[in-house]
Amino acid sequence: QVQLVESGGGLVQAGESLKLSCAASTTIASINAMSWYRQTPGKQREFVATISSGGVTNYAASVKGRFTISKDNTKNTLYLEMDSLKHEDTAVYFCNAFLIVTRDEYWGQGTQVTVSS
């Protein structure tokens, strides 16, 4: 069982930056992939970014060039640096961990990000 605790959400103005954190209960170096998703009311959960255990990253087109996903294995923490935030980025952001050895996925509780226009 992997527990994920998210923090860093809040209210910001368009054009500003925000950094989200996701603390894992296990050594994240052993997690095959960690990702960020987001969801707004009435919409499906949307992929934002992912990083593999080897450090390979991938981003949704809507955030590419503005968001940066990273992880600190010594702190067992996943990060999402969000720059040049837009009103359209407003959503609940979820942390996800994928373990191929158990074929399991784990989710955090979500943290609210609100960007004023």
Side-chain angles (χ1 to χ4, degrees):
Q1 182 76 11
V2 178
Q3 296 181 12
L4 305 172
V5 181
E6 302 162 350
S7 62
L11 173 64
V12 297
Q13 294 181 314
E16 294 183 338
S17 300
L18 196 63
K19 186 174 183 178
L20 306 181
S21 299
C22 173
S25 62
T26 187
T27 302
I28 64 173
S30 64
I31 299 177
N32 298 108
M34 299 193 73
S35 305
W36 289 98
Y37 289 76
R38 65 187 183 185
Q39 187 172 26
T40 57
K43 297 183 179 180
Q44 296 181 352
R45 190 165 296 185
E46 175 190 20
F47 167 79
V48 176
T50 189
I51 184 169
S52 72
S53 60
V56 178
T57 60
N58 191 29
Y59 298 90
S62 59
V63 306
K64 190 177 299 183
R66 299 188 298 118
F67 290 11
T68 302
I69 188 171
S70 63
K71 60 188 178 74
D72 188 336
N73 289 340
T74 65
K75 297 181 179 180
N76 296 324
T77 302
L78 176 74
Y79 301 101
L80 183 67
E81 297 182 56
M82 303 181 292
D83 298 322
S84 301
L85 282 164
K86 305 175 181 179
H87 178 66
E88 304 89 86
D89 296 319
T90 296
V92 177
Y93 283 72
F94 297 90
C95 178
N96 169 271
F98 173 67
L99 295 173
I100 194 169
V101 66
T102 59
R103 299 173 62 190
D104 279 334
E105 285 187 306
Y106 300 91
W107 295 91
Q109 80 288 345
T111 184
Q112 177 70 47
V113 173
T114 302
V115 184
S116 62
S117 59

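Any value given below was found using the heavy atoms of this structure, including those in side chains, with hydrogens, waters and symmetry copies removed.
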Margin query: Contact between Leu78 and Trp36 at the side-chain level, heavy atoms closer than 4.5 Å - yes or no?
Written below: yes
Notebook entry, point to check: Can you check whether Ser116's main-chain N or O pairs, donor with acceptor, with Gln13's side chain at less than 3.5 Å?
Noted result: no
Next item on the list: Sequence neighbours left out, what pairs pass disulfide bond (SG atoms under 2.5 Å apart) with at least one residue falling in residues 10-117?
Entry: Cys22-Cys95
Margin query: Taking side chain to side chain donor-acceptor pair (under 3.5 Å) as the definition, give me every residue that meets it alongside Glu105, ordered by chain and number, with sequence neighbours left out.
Written below: none
Margin query: I need the full list of disulfide bond (SG atoms under 2.5 Å apart) pairs touching residues 36-80, with sequence neighbours left out, sorted by first then second residue.
Written below: none
Next item on the list: Could you name each residue pair satisfying salt bridge (Lys or Arg N to Asp or Glu O under 4.0 Å) that touches residues 50-69, not counting sequence neighbours?
Entry: Arg66-Asp89
Notebook entry, point to check: Can you list the residues that meet the side chain to side chain contact (heavy atoms under 4.5 Å, CB included) rule with Ala14, with sequence neighbours excluded?
Noted result: Val115
Note to self: Quick one, Leu18 and Met82 - any side-chain contact, counting heavy atoms below 4.5 Å?
What the structure shows: yes
Check: Can you list the residues that meet the side chain to side chain contact (heavy atoms under 4.5 Å, CB included) rule with Ser53, with sequence neighbours excluded?
Finding: none
Margin query: So, using side chain to side chain donor-acceptor pair (under 3.5 Å) as the criterion, who are the partners of Ser35 when residues are at least two apart?
Written below: Thr50
Item checked: Pairs where residues 18-29 contributes a residue and the test side chain to side chain donor-acceptor pair (under 3.5 Å) is met, not counting sequence neighbours -> none
Next item on the list: Could I get the full list of side chain to side chain donor-acceptor pair (under 3.5 Å) partners for Ser7, not counting sequence neighbours?
Entry: none
Checklist line | Sequence neighbours excluded, every pair satisfying ring-ring contact (aromatic ring centres under 6.0 Å, His included) that has a member inside residues 97-117 | finding: Tyr37-Trp107
Check: Can Val92 be reached from Val12 by stepping across I, L, V, M, F, W or Y side chains whose heavy atoms are under 4.5 Å apart?
Finding: no
Notebook entry, point to check: How would you list all residue pairs meeting side chain to side chain donor-acceptor pair (under 3.5 Å) that involve residues 72-85, not counting sequence neighbours?
Noted result: Ser17-Asp83, Lys71-Asn73, Asp72-Thr74
Check: Are Val113 and Tyr59 joined in one hydrophobic group, where the rule is that I, L, V, M, F, W and Y side chains link up if heavy atoms are under 4.5 Å apart?
Finding: yes
Next item on the list: Walk me through it: do Leu11 and Gln112 pass the test side-chain contact (heavy atoms from CB on, under 4.5 Å)?
Entry: CA-CA 8 Å; Leu11 173 64; Gln112 177 70 47; over 6 Å; no
Note to self: Going by salt bridge (Lys or Arg N to Asp or Glu O under 4.0 Å), name the pairs with one or both residues in residues 45-58, residues two or more places apart or in two chains.
What the structure shows: Arg38-Glu46
